[in-house]
Amino acid sequence: MLRLTLSNPPKFIKFGVTGVMNTAVDFIIFFILSSLGATYYNAQIMSYSAGVMNSYFFNRTWTFEQKDRINKKEFIRFVTVNLITLLLSTLVLKLSLQQGNLPLLFGKVIATLFGMGINYGMVSAWVFAKGEELK
């Protein structure tokens, strides 16, 4: 039975809180770089990468409560998932801006929401899942 308490929120709530932090890091860096003249493509890569590092630390230690040492396979899976998410979210950003003629902020929001959905599914099922399915 799922128990919702403030002292022990479920993983998807923790993932969401971590996601808000990651998104803040991503957006702040993205818009700073954009205002300094970086292309949306370069700003997206750099800002997303900063959010990924924040994500790995907080999702590993808090959301999915991994207590053992960081292992190479887990980190490679995490990076792989985030590279896939980066590629897909950048494509969505490009389409939003070029095909949808949306303002930069709206395109970034759409790309971020799209990426969050894909990322949660892959991270919870493949990166930090516990059990035999990872071997």
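Computed from a prediction, not measured in an experiment: that's the story for all the values here. Nothing fancy with the numbering, it's 1 onward along the sequence.
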Take Y41 and L93, measure what side chain to side chain contact (heavy atoms under 4.5 Å, CB included) needs, and give me the verdict at the end. CA-CA 9 Å; Y41 180 78; L93 178 60; over 6 Å; no
Would you check if [X] and [Y] make a side-chain contact, meaning some heavy-atom pair closer than 4.5 Å?
X    : Y    : value
L86  : Q44  : yes
K108 : S34  : no
F64  : V123 : yes
K94  : Y40  : yes

Please indicate whether M21 has more than 12 foreign heavy atoms, meaning atoms of other residues, nucleotides or ligands, lying under 6.0 Å from its CE.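 For M21, atom CE is crowded (more than 12 foreign heavy atoms under 6.0 Å).
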N22 side chain vs S55 backbone, donor-acceptor pair below 3.5 Å: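 Checked: pair present.
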Take F30 and Y48 through the test side chain to side chain contact (heavy atoms under 4.5 Å, CB included) and record every step on the way to the result. CA-CA 8 Å; F30 180 84; Y48 187 85; over 6 Å; no
Looking at every heavy atom in both S96 and G107, which two are closest together, and how far apart are they?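 Closest pair (atom of S96, atom of G107, distance): CB-CA, 3.7 Å.
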For the student: nearest non-hydrogen atoms of L102 and F106, plus distance: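 Smallest interatomic distance, heavy atoms only, reads CB-CB, 4.3 Å.
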Worked check of side chain to side chain contact (heavy atoms under 4.5 Å, CB included) between L33 and N42: CA-CA 8 Å; L33 293 172; N42 288 329; over 6 Å; no
Using 30° and 60° as the class limits, which term best fits the ring planes of F15 and Y120: parallel, tilted or perpendicular?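 Because their plane-to-plane angle is over 60°, the rings of F15 and Y120 count as perpendicular.
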If you measure from OG1 on T90 to CG on L95, what distance do you get to the nearest 0.5 Å?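 It comes to 11.0 Å.
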Interatomic distance, R77 atom CZ to K72 atom NZ [nearest 0.5 angstrom]: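 So the gap between those two atoms works out to 13.5 Å.
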Same cluster or not: are Y56 and I76 linked, directly or through other Ile, Leu, Val, Met, Phe, Trp or Tyr residues, by side-chain heavy atoms under 4.5 angstrom apart?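 Different hydrophobic clusters.
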